[in-house]
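All heavy atoms count here, side chains included; hydrogens, waters and symmetry mates do not. Throughout, protein chains are lettered first and strands after them, A, B, ... in sequence-line order, and every chain is numbered starting at 1.
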2 protein chains.
Amino acid sequence: MKRDSRLSSVLHALLHMAERDGPMTSGELARCLHANPVVVRRTMAFLRKAGMVGSTPGHAGGWILTADLGAISLRQLHEALGEPAIFAIGNRNETPVCLVEQSVNAVLDTAFAEAEALLMQRFEHISLADLAADFARRLPHAAAGED
Amino acid sequence: MKRDSRLSSVLHALLHMAERDGPMTSGELARCLHANPVVVRRTMAFLRKAGMVGSTPGHAGGWILTADLGAISLRQLHEALGEPAIFAIGNRNETPVCLVEQSVNAVLDTAFAEAEALLMQRFEHISLADLAADFARRLPHAAAGED
DNA sequence: TTTCATGTAACTTCAATTATTACGAATAAG
DNA sequence: CTTATTCGTAATAATTGAAGTTACATGAAA
């Protein structure tokens, strides 16, 4: 299965945008992410709908942050992306008639729900500002290194 | 992405086997699971390698449990299946040069690792016997209903 | 008006499980 | 011994959703 890396991508993109004065184009972001510009636009469109970024076409256009780094949590980003499925493991049949399978589903659902709740709780308390701070700690007082 | 339902499948299969005196054929299990007999054999082969079930070919052959229900935990089953990826979400690049992306990966890895640890802890303490007990509670003292 | 850049639609590619077909090997019944 | 049954496994398609690609329309600024 191919894993969804959009959350990882937008975090990377937003942090690069935060270190930039003007807008960044899809092409520039794509080069940072080693990705495709169309995919970048497609993914960033989700964040635009959520009011986190803005885009302007034409000369000197591109993408800019429209919210404070401290006001954007990983959870909000996950939601902005449409809350994609977190787990690659799931029930074979979500609405079984078989009582045995109902027991199996109930037990697995409970365990996965607990794990998801923990993850969302963590995501809730991590903001882009936290990530930026972590990045600053990694900088060995060299010039801001791009990728 | 297509979700992996093998853990769910083998739980369902093992519980049906537990309620049976003799062996169950791949065809019978496939009918229970609404699945394909070849897929059943392929999946059950993992559990055979782990010593949880046995198979015999030919007349009156099929699959039998070779371990106690209380001795098989969800965690052991997950391991027997080769510990497939749990999350459908992941980093875009696992070995980034970019310091920004390293921060992103570190933060996400930590959160996902915590969620995985919780899930594995739950799996460790849930046995097939627990599932069988849950199933018994669901039975409205009707005849053992098959699917 | 020309040039960038976004906005999208319409594909193709990719990855991993699941499904299907086919055939060989082993076991037990007759 | 022959036959029916059942597992073992290889080879190939179907499936699903993200990611990549191509193409073109739209909008903004020089």
Side-chain angles (χ1 to χ4, degrees), chain A residues 1-10 12-13 17 20 22-49 53-64 66 78 81-94, chain B residues 1-10 12-13 17 20 22-49 53-64 66 78 81-94:
Chain A
M1 126 215 357
K2 199 162 205 168
R3 292 169 92 183
D4 183 346
S5 63
R6 285 178 298 175
L7 180 58
S8 163
S9 293
V10 299
H12 190 178
M17 287 164 60
R20 178 71 75 84
M24 279 185 84
T25 69
S26 308
E28 286 174 314
L29 288 171
R31 235 170 296 129
C32 282
L33 306 178
H34 303 293
N36 187 286
V38 176
V39 175
V40 169
R41 287 201 280 274
R42 204 147 62 198
T43 308
M44 295 295 283
F46 284 99
L47 308 193
R48 184 180 49 214
K49 276 182 229 152
V53 301
S55 64
T56 54
H59 256 293
W63 299 85
I64 55 167
T66 57
H78 176 66
L81 292 173
E83 305 195 55
I86 291 174
F87 297 107
I89 295 179
N91 298 326
R92 176 171 179 84
N93 175 357
E94 288 301 344
Chain B
M1 126 220 353
K2 198 161 206 168
R3 292 169 92 180
D4 184 345
S5 63
R6 285 178 299 176
L7 180 58
S8 164
S9 293
V10 299
H12 189 178
M17 288 163 60
R20 180 70 76 84
M24 280 184 83
T25 68
S26 307
E28 286 175 313
L29 288 171
R31 236 169 295 130
C32 283
L33 306 178
H34 303 293
N36 188 286
V38 176
V39 175
V40 168
R41 287 200 280 275
R42 203 148 60 201
T43 308
M44 295 293 285
F46 283 99
L47 308 192
R48 184 180 49 215
K49 275 183 227 151
V53 302
S55 63
T56 54
H59 255 292
W63 298 86
I64 54 167
T66 56
H78 176 65
L81 292 173
E83 304 195 55
I86 291 174
F87 296 107
I89 295 179
N91 298 326
R92 177 170 179 82
N93 176 356
E94 288 300 345

Exam field: side chain [X] to backbone [Y], donor-acceptor pair closer than 3.5 Å:
X	Y	value
B:Ser5	B:Ser8	no
B:Arg48	B:Ser55	no
B:Arg92	A:His34	yes
A:Thr43	A:Arg6	no

Rounded distance (Å) that lies between atom [atom2] of [N] and atom [atom1] of [X]:
X	N	atom1	atom2	result
B:Leu47	D:dC7	CG	P	14 Å
A:Phe87	D:dG17	CZ	P	18 Å
B:Leu7	C:dT17	CG	P	14 Å
A:Leu81	D:dG17	CG	P	17 Å
B:Ile89	D:dG17	CD1	P	15 Å
A:Leu33	D:dA18	CG	P	17 Å
A:Leu29	C:dA5	CG	P	12 Å
A:Asn93	C:dT17	CG	P	20 Å

Original post:
Of all heavy-atom pairs between B:Asn36 and B:Val38, which one has the smallest distance, and what is that distance?
Top reply: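 Looking at all heavy atoms of both residues, the shortest contact is OD1-N, 2.9 Å.
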Subject >> Closest heavy-atom pair and its distance - A:Met24, A:Cys32 >> reply: CE-SG, 4.1 Å
Original post:
About how many Å separate CZ of B:Arg20 and CG of B:Leu29, when rounded to the nearest 0.5 Å?
Top reply: 8.0 Å
**OP:** Ignoring backbone atoms, establish whether B:Ser55 has a side-chain N or O less than 4.0 Å from OP1 or OP2 of D:dG8.
**Re:** yes
Subject >> Side-chain N or O of B:Asn36 closer than 4.0 Å to phosphate OP1/OP2 of C:dT20 >> reply: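 So the side-chain polar atoms of B:Asn36 do come within 4.0 Å of the phosphate oxygens OP1 or OP2 of C:dT20, strictly under.
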Looking only at side-chain atoms of [X], point me to the closest of [options].
X	options	answer
B:Val39	C:dG7, C:dT20, C:dA10	C:dT20
B:Arg48	D:dT9, C:dG7, D:dT22	D:dT9
A:Ala35	D:dA19, D:dG20, D:dT22	D:dG20

**OP:** Identify whether any heavy atom of B:Arg42 sits under 4.0 Å from a base atom; if not, whether one sits that close to sugar-phosphate; answer base, sugar-phosphate or nothing.
**Re:**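 Answer is base: heavy atoms of B:Arg42 come under 4.0 Å of a base.
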Output a table of nitrogen or oxygen pairs between the protein and nucleotides 1-6 of chain D separated by less than 3.5 Å.
from: D:dT6; atom 1: O4'; to: B:Gly58; atom 2: O; distance (Å): 3.2
from: D:dT6; atom 1: O2; to: B:Gly58; atom 2: N; distance (Å): 3.3

